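Right, one structure below, let's go through it.
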Amino acid sequence: MTLKIYNTLTRKKEPFETIEPGHVRMYVCGPTVYDKAHVGHAMSSVIFDVIRRYLEYKGYKVSHVMNYTDVEDKIIARARELGEEPLELAERYMREYDQHLRDLNVLPATVYPRASHEIDQIIEMIQGLVERGLAYAVGGDVYYRVARFKGYGKLSGRRPEDMRAGARLQVDERKEDPADFALWKAAKPGEPAWDSPWGPGRPGWHIECSAMNLRYLGDQIDIHGGGNDLIFPHHENEIAQTEGLTGKPFARYWVHNGMLQLAGEKMSKSLGNLITIEQFLQEHEPDVFRMLVLNSHYRGPLTFSDDVVMQAERALERLRSALRPASPSPQAPPKAAEALAAKARETRLGFEAAMDDDFNTPGALSHLFDLVRAINQARDAGVDQETLGAAQEVLRELAGVLGLRLDRPQAGSREAAPYIDLLIEVRERLREAKHWELADLIRDRLTELDVVLEDGKAGTTWRMR
RNA sequence: GGCGACGUAGCCAAGUGGUAAGGCAAGGGUCUGCAAAACCCUCAUUCGCGGGUUCGAAUCCCGCCGUCGCCUCCA
């Protein structure tokens, strides 16, 4: 099976072919670190983590670059508000985001570049664009000359004329054309600034990604990703900058994720309708979030609500139910083991077919749930642990490709375990003596403490809820 | 106004020409002292609405209605 990926550039699903055999160069736009990150950012990181994991599952080596934008107007404004140095503020939020990524089980990128560390490369690139007549300096600023780049608008499907007509563009008198955008901004007093051929200043937002790509991945990459709100102008401008300079097609596949919505609107800092990653993780385990993201296709919008979170919680529990140990029985039908092994093979094929089709994670999950049912059936039928374990291993592996941790130890349970075991033992005696009231009291009180007791044939087991 | 998505059961959500995956919830049953979990059964003759193409459409075409995104910083 060949992997197909939807390419924003062509608006089609295309067979995936890398520039260099077996090696994927992937760049994903990370957050601008001026405030706490919200679950929308987390969704994007999780989606590209799943893409990366699947590519690795397929045998590719993946060079994965995710940038942090740490020089930007909002950072400066926010730092001024808080009386903090802009770069320090950015550093603080960057560390926080990094911790979130670890909590969310997002594999570390190969490199995490940041704008403030790439100034030399950025300046060099702007100079190159000026030399080629694609950029011009005006009073310490440098602008990109959009009219000189013939492919401008090919990603977003916009024409420069449309943008000039747009009444929402603020006309800057110094620009040759209202559609031109800033590559370098002259420093105003008190702003972070670096020396440049055009005087002290700082890079515009779009140029940093072009520069980092060039430096860490080369002039042509396989996958360029980010939220679909970045298609225009950010990615359109990146294409203009990079291709303007190199004359070669920049990214082969442009991959964009849909937006997370809250109460019918895009979750965003400017709208103020957001749930921070921190808030979410205080109340739920990280895999619940991942489950939520996996349950809908990455390109579509995802509406966040308590209901949807709860459904993800329960679905994850169901996935985990399959990992319970076998209860072998001599009466196990001889064909049960064979049937389970066949189901496991079938699941892998279905899973791969779904993922090969533009990372159809809801489809992939449906195959995992089919395997869950088959495993539970086989356990009820009494197959031995070896047979059950083999199927469970497949489930664990494929869930792992999606980044789900099915048997992650529950926080806090280790310390409590001996005491819970003691209570179960006492309750066992009570049950033998048919003291149901007391036995049930122990079970109910433990349930209130989120410790769920389950009486099975092989004795009582417990789990954290 | 321009560009682009989307509208599938009570909820979430796959499916893009051959007769509706999966999850949650709900109801019934098996198991259990009772539960929980698991298992079995039930749960969209139908895919926003109206036309059209076709032997055949949720899937293609046209129109309409509705929701959302981008066009300005945004994952």
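Just so you know, these numbers use all the heavy atoms, side chains as well, and skip hydrogens, waters and symmetry mates. Note on naming: letters A, B, ... go to the chains in the order of the sequence lines (proteins, then strands), and numbering restarts at 1 for each one. As the structure is a prediction and not an experimental result, all values here were calculated from the model.
The number of heavy-atom neighbours closer than 6.0 Å to CD of A/E432, taken from other residues, nucleotides and ligands shown, is above 12. Taking a 6.0 Å sphere around NZ of A/K4, one finds it holds 12 or fewer heavy atoms contributed by other residues, nucleotides or ligands.
To the nearest whole angstrom, the two P atoms, one in B/G69 and one in B/C64, are 22 Å apart. On the P atoms, B/U46 is 12 Å away from B/A20, given to the nearest whole Å. Between B/A25 and B/A37, the two P atoms lie 9 Å apart (nearest whole Å). Nucleotides B/C47 and B/C11 are separated by 16 Å at their P atoms, to the nearest Å.
Within the 4.0 angstrom heavy-atom criterion, only backbone atoms of the sugar-phosphate kind lie near A/P31; the bases stay farther away. When heavy atoms are screened at a 4.0 angstrom cut-off, A/N257 is found touching base atoms of the nucleic acid. Residue-level contact check: A/R299 touches neither bases nor backbone, having no heavy atom under 4.0 Å from any strand. A/D440 comes within 4.0 angstrom of a nucleotide base, judged by non-hydrogen atoms across all strands. Note on A/H38: a base of the nucleic acid sits closer than 4.0 angstrom, heavy atoms only. Within the nucleic acid shown, A/E317 has no heavy atom closer than 4.0 Å to any nucleic acid atom. Nucleic acid contact class of A/G40 (heavy atoms, under 4.0 Å, all strands): base. Contacts of A/M267 with the nucleic acid, taken as non-hydrogen atoms under 4.0 Å apart, include base atoms. Among the heavy atoms of the strands lying under 4.0 Å from A/G30 are primed sugar atoms or P, OP1, OP2 only; no base atom is included.
Ring geometry, A/H235 versus A/H224: the interplanar angle exceeds 60°, so the pair is classed perpendicular (tilted spans 30 to 60°). Between A/F16 and A/Y253, the ring planes lie tilted relative to each other; the angle falls in the 30° to 60° range.
In this structure, A/F369 forms no aromatic stack with the base of B/G23, since the conditions of centre separation below 5.5 Å and plane angle below 30° are not both met.
For the pair A/E428 and A/R431, the salt-bridge criterion is met [side-chain N within less than 4.0 Å of a carboxylate O]. Taking 4.0 Å as the cut-off between side-chain N and carboxylate O, A/D73 and A/R202 count as a salt-bridged pair. Using a 4.0 Å cut-off between charged side-chain N and carboxylate O, A/K175 and A/D141 make no salt bridge.
Distance CD1 (A/I231) to C1' (B/A75): 12 Å, rounded to an integer number of Å. The CD-C1' distance, from A/E346 to B/A21, rounds to 13 Å in whole Å.
Pairing for B/G56 is absent, with no Watson-Crick or G-U wobble pair whose two atom distances lie under 3.5 Å. Nucleotide B/C49 is matched to B/G63 when pairs are restricted to Watson-Crick or G-U wobble geometry with both distances under 3.5 angstrom. Searching all strands for a Watson-Crick or G-U wobble partner of B/A21 with both distances below 3.5 Å returns nothing. Across all strands shown, B/C71 is found opposite B/G1 as a Watson-Crick or G-U wobble partner, with both distances under 3.5 Å. Pairing for B/C43 is absent, judged as Watson-Crick or G-U wobble with the two contacts each under 3.5 Å. Of the nucleotides present, none pairs with B/A37 by Watson-Crick or G-U wobble criteria with both distances under 3.5 Å.
Judged by atom type and distance alone, A/D455 reaches the base of B/C34 through a side-chain donor-acceptor pair under 3.5 Å. You won't find any donor-acceptor pair under 3.5 Å spanning the side chain of A/R11 and the base of B/G4, going by distance alone. Scanning atom types as modelled, one donor and one acceptor separated by under 3.5 angstrom connect the side chain of A/Q311 and the base of B/C11. Judged by distance alone with a 3.5 Å cut-off, a donor-acceptor contact links the side chain of A/R443 to the base of B/C34.
Remark on RNA chain B: of its neighbouring residues A/L453 and A/R314, the 5'-side contact belongs to A/R314, judged by nearest-heavy-atom nucleotide. Where A/A439 and A/Y6 meet RNA chain B, the nucleotide closest to each residue was compared, and A/Y6 sits on the side nearer the 5' end.
In terms of phosphate contacts, A/Q377 brings a side-chain nitrogen or oxygen within less than 4.0 Å of OP1 or OP2 of B/C40. For the OP1/OP2 pair of B/G23 and a distance below 4.0 Å, the side-chain nitrogens and oxygens of A/R373 include at least one atom meeting the criterion. Residue A/N376 places no side-chain N or O under 4.0 Å from the OP1 or OP2 atom of B/A37. Contact between the side-chain N/O atoms of A/K434 and the OP1/OP2 oxygens of B/C34 is not found at any separation under 4.0 Å.
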